[in-house]
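Labels below follow one simple rule: chain letters A, B, ... track the order of the sequence lines, proteins then strands, and each chain is numbered from 1.
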There are 2 protein chains.
Amino acid sequence: MGRTTLDTAALAHDLRLAVMRLSRRLRSQRADTSLTLTQLAALSTLRAKGPLTPGELAACERVQPPSMTRVLATLEGAGLVVKTRHATDGRQLIVHVTDRAINLLDDEIRMREAWLAQRLNELSPAERDELRRASAIIERLLEP
Amino acid sequence: MGRTTLDTAALAHDLRLAVMRLSRRLRSQRADTSLTLTQLAALSTLRAKGPLTPGELAACERVQPPSMTRVLATLEGAGLVVKTRHATDGRQLIVHVTDRAINLLDDEIRMREAWLAQRLNELSPAERDELRRASAIIERLLEP
DNA sequence: TATTGTTATACTCTATAACTATA
DNA sequence: TATAGTTATAGAGTATAACAATA
């Protein structure tokens with residue numbers, strides 16, 4: 001195994017541990033909000049990308065379709081999304097965020113991300129730039 | 001709210017979504033191995049840092065003590081860790097990885113990280129450097 | 001026959017609260 | 001009384017397999 005391969009393996013290891021730990025820390029921020037992190041992520045994506053089918057949304061969030069079905073059922077019950085029929089394909093649905101969701105979303109996001117934003121503010125601008133670039137690289141890494 | 005604060009909020013948002021998605025993707029790599037990702041992370045940390053108390057290990061992994069109790073119970077049942085008594089404080093335990101764990105670990109890690117290492121290899125060296133720096137920044141972000 | 005989505009079911013991960021033992 | 005760890009319990013998150021409807 002060459003040096004580059006070894007280095008990449010070490011990076012995979014470090015990145016995995018860092019990502020798992022940050023993910024746990026973010027999830028544990030569970031008080032004071034009515035939406036779970038997963039629900040919030042789905043709504044954020046819908047707002048950013050516009051209406052999507054459940055399958056498209058599942059693909060964006062890297063979950064399997066049945067997992068998204070559950071998230072959407074909860075959100076629909078709370079009046080935060082509505083489903084409409086696809087214009088030409090009767091199998092598909094289109095999920096839209098409601099006005100109620102849009103009104104909630106900014107406050108929810110601010111509360112859920114308060115700890116992280118606070119920590120990020122303690123970094124140098126250069127370090128924040130590194131994390132911006134890293135976020136983009138990670139998203140690209142996840143593309144099919 | 002100033003421009004920097006807004007930018008930091010946007011970074012918090014993007015980083016959260018990227019980290020959640022990568023974490024899900026990594027967790028879904030669940031076939032062909034006998035250890036779960038959480039168990040593997042605990043063993044990796046124990047091997048890297050040497051014997052730790054359950055409480056110290058929980059702090060490293062950013063989980064609450066009862067969560068680590070469960071992970072350790074499984075690992076102990078599989079003969080992958082052993083607990084010894086603390087030399088002077090009867091309340092504390094020391095967790096050690098066994099030879100069996102050390103023999104398993106490299107193969108398990110390679111299998112679990114194969115997808116990620118493959119993807120990382122498709123990046124440029126400069127991008128891998130970005131992710132190396134980002135991993136370190138994230139770990140620092142998590143410090144209490 | 002293939003695709004989209006849902007239902008049914010089960011497992012992993014993690015937390016909080018209450019308890020035990022030791023300091 | 002405070003600390004380290006465990007037990008009990010519950011909820012969030014996710015998956016696979018089987019099913020229904022539509023293409």
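- Phosphate contact (OP1/OP2 of dG5(C), side-chain N/O of T53(A), threshold under 4.0 Å): present.
- If you measure from atom CG of L93(A) to atom P of dA20(D), you get 18 Å, rounded to the nearest angstrom.
- Side-chain atoms of P54(B) lie closest to dG5(D) of the nucleotides dG5(D), dA12(D), dT4(C).
- What separates NZ of K83(B) from P of dA4(D) is a distance of 16 Å, to the nearest Å.
- For the pair R85(A) CZ and dA23(D) P, the interatomic distance rounds to 10 Å; values are reported in whole Å.
- Exactly one of L37(A), L22(A), T36(A) qualifies for a side-chain contact (heavy atoms from CB on, under 4.5 Å) with R27(A). That residue is L37(A).
- Counting only heavy atoms from C-beta on, R91(A) has its side chain closest to dT4(C) among dG5(D), dT4(C), dA15(D).
- What separates CD of E61(B) from C1' of dC13(C) is a distance of 13 Å, to the nearest Å.
- Between the P atom of dT6(D) and the CD atom of Q64(B) lies a distance of 14 Å, rounded to the nearest Å.
- Each of V63(A) and G90(A) lies near DNA chain D, and the nucleotide nearest V63(A) is the one positioned closer to the 5' end.
- Classification of K49(B) and E56(B) as a salt-bridged pair fails, no side-chain N sitting under 4.0 Å from a carboxylate O.
- Atom-to-atom, CG of L40(A) to C1' of dG13(D) comes out at 15 Å; the value is rounded to the nearest Å.
- Under 4.0 angstrom from either OP1 or OP2 of dT12(C) there lies no side-chain N or O belonging to T38(B).
- The pair R133(A)-E130(A) meets the salt-bridge criterion, since a charged nitrogen lies less than 4.0 angstrom from a carboxylate oxygen.
- When the nearest nucleotides of DNA chain C are assigned to S67(B) and T88(B) by heavy-atom distance, the more 5′-ward of the two goes with S67(B).
- Ionic pairing of D106(B) and R47(B) is present here: one or more N-O contacts between side-chain nitrogen and carboxylate oxygen are shorter than 4.0 angstrom.
- Checked options T38(A), I109(A), V81(A), V71(A); the residue passing with L43(A) is V81(A) (criterion: side-chain contact (heavy atoms from CB on, under 4.5 Å)).
- Taking 3.5 Å as the limit, the base of dT14(D) and the side chain of R70(A) contain a donor-acceptor pair of atoms between them.
- The distance from atom CG of L57(B) to atom P of dT6(D) is 11 Å, rounded to the nearest whole Å.
- Within 4.0 Å of T69(B), counting heavy atoms only, lies at least one base atom of the nucleic acid.
- For the pair M68(A) CE and dT4(C) P, the interatomic distance rounds to 16 Å; values are reported in whole Å.
- Among the protein residues, P66(A) comes within range of the nucleic acid bases, having at least one heavy atom under 4.0 Å from a base atom.
- Within the structure, a side-chain polar atom (N or O) of R27(B) is placed less than 4.0 Å from OP1 or OP2 of dT14(C).
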